[in-house]
Amino acid sequence: MIEILNHTRLARAKDTGALVADILHTLKGRSTIGTNLLDIDRWAKTMIVEAGAQSCYVDYAPSFGRGPFGHYICTAVNDAVLHGRPYDYSLADGDLLTLDLAVSLGGVAADAAISFIVGDARPTESVAMIGATERALAAGIAAAGPGARIGDISHAIGTVLSEAGYPINTEFGGHGIGSTMHQDPHVSNTGRPGRGYKLRPGLLLALEPWVMADTAQLVTDADGWTLRSATGCRTAHSEHTIAITDDGAEILTLPKQTQP
């Protein structure tokens, strides 16, 4: 299903996006050396409930997962990249942590992810990889607008990632979003310009470039959910929910501190 939002529901989407962004901003600030992933999950639950929102993850049970996800946020550390199921692990200096969060508020969902280094260490390759996903995300957003096509976004993202030297996995990518978290159209992280669905005002998309340092192959963790790099290399993931408008693309998941 491809869903086009009217002005009323687009206003709700902006509220949801702001909530997602603010929760992620708060959690990043709390994610320090010694922080346990299960504490991050509990904090996320508290903030979602206090906002009167609903988790898109806790009861999520798609075909690629093992039963309901059972947690409120994805926490992926180092070689984990997608669907990171929180577990009893305390963060160490230099860990590369990705937080991925989707919630629904007022019947409209928003989805975003951030990757960052914990503590004072700044591993050069990890910093570069995070930066590449952020640049790819910005390029994808810049390519989105009325009259553009999904392939234009995919091509823009893939060009940045390829030029940075990263293999690209096409099993998982961006997606439409609206009354539910995952909708059509699929937005691959590489593609051909001028192809695919033609963008229309009112369409919401979650764009999410992610990479693994030296492989495009994923393996599934014993928890049945967490996807890791097949070689054990580090990974990074950046995501925003955007709305297609008459003038281009509006980012809905910017924290208030960075909004213009």
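Since the structure is predicted, the reported quantities are computational estimates derived from the model, not experimental observations.
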Donor-acceptor pair between [X] and [Y] side chains, under 3.5 angstrom:
X: D95; Y: N78; answer: yes
X: T231; Y: D214; answer: yes
X: S179; Y: E3; answer: yes
X: D41; Y: Y57; answer: no

Smallest separation among heavy atoms of [X] and [Y], with atom names:
X: S31; Y: V118; answer: O-CG1, 4.0 Å
X: I168; Y: S162; answer: CD1-OG, 3.4 Å
X: V81; Y: H237; answer: O-ND1, 3.7 Å
X: T226; Y: A80; answer: CG2-CB, 3.6 Å
X: L207; Y: L137; answer: O-CD1, 3.5 Å
X: V160; Y: A139; answer: CG2-CB, 3.8 Å

At what distance, to the nearest 0.5 angstrom, does [atom1] of [X] lie from [atom2] of [Y]?
X: T75; Y: D39; atom1: OG1; atom2: CG; answer: 11.0 Å
X: D93; Y: I117; atom1: CG; atom2: CD1; answer: 10.0 Å
X: D184; Y: Y197; atom1: CG; atom2: OH; answer: 10.0 Å
X: L5; Y: R200; atom1: CG; atom2: CZ; answer: 11.5 Å
X: E239; Y: L82; atom1: CD; atom2: CG; answer: 9.5 Å
X: R228; Y: D221; atom1: CZ; atom2: CG; answer: 4.5 Å

Do F69 and H83 make the cut of ring centroids closer than 6.0 angstrom?
no
Under a 4.5 Å side-chain heavy-atom rule over Ile, Leu, Val, Met, Phe, Trp and Tyr, are [X] and [Y] clustered together?
X: L227; Y: V219; result: no
X: Y89; Y: L27; result: yes
X: L97; Y: M47; result: yes
X: L101; Y: I114; result: yes
X: I40; Y: L96; result: no

Do [X] and [Y] come within less than 4.5 Å of each other through their side chains, counting heavy atoms only?
X: S229; Y: L218; answer: no
X: V77; Y: L91; answer: yes
X: V108; Y: R9; answer: yes

Chi angles and distances behind the side-chain contact (heavy atoms from CB on, under 4.5 Å) call for Q217, N169
CA-CA 7 Å; Q217 185 177 352; N169 177 290; over 6 Å; no
Sidechain-backbone polar pair: [X] side chain, [Y] backbone, donor-acceptor under 3.5 Å:
X: R66; Y: A222; result: yes
X: S154; Y: V187; result: no
X: W210; Y: F172; result: yes
X: T35; Y: R30; result: yes
X: T253; Y: A112; result: no
X: S188; Y: G191; result: no

Scan [options] and name whichever one has a side-chain contact (heavy atoms from CB on, under 4.5 Å) with [X].
X: I73; options: L24, D100, I23; value: L24
X: C233; options: V211, T215, D79; value: T215
X: H155; options: I153, D152, T159; value: T159

Quick note, side chain to side chain donor-acceptor pair (under 3.5 Å) partners involving residues 105-129, not counting sequence neighbours, are T98-S115, D111-H175, S126-R234
The test is side-chain contact (heavy atoms from CB on, under 4.5 Å); show your working for I4 and L204 and say whether it passes.
CA-CA 7 Å; I4 303 298; L204 299 189; over 6 Å; no
Listed partners of R135 passing salt bridge (Lys or Arg N to Asp or Glu O under 4.0 Å), at least two apart
none
Using the rule given for side-chain contact (heavy atoms from CB on, under 4.5 Å), can you reason through L199 versus I150, listing the C-alpha separation, both sets of side-chain angles and the distance that settles it, and then say yes or no?
CA-CA 7 Å; L199 307 185; I150 292 295; 3.6 Å; yes
After noting the C-alpha distance and the side-chain angles of Y72 and W43, does the key distance pass the side-chain contact (heavy atoms from CB on, under 4.5 Å) rule?
CA-CA 9 Å; Y72 290 78; W43 296 333; over 6 Å; no
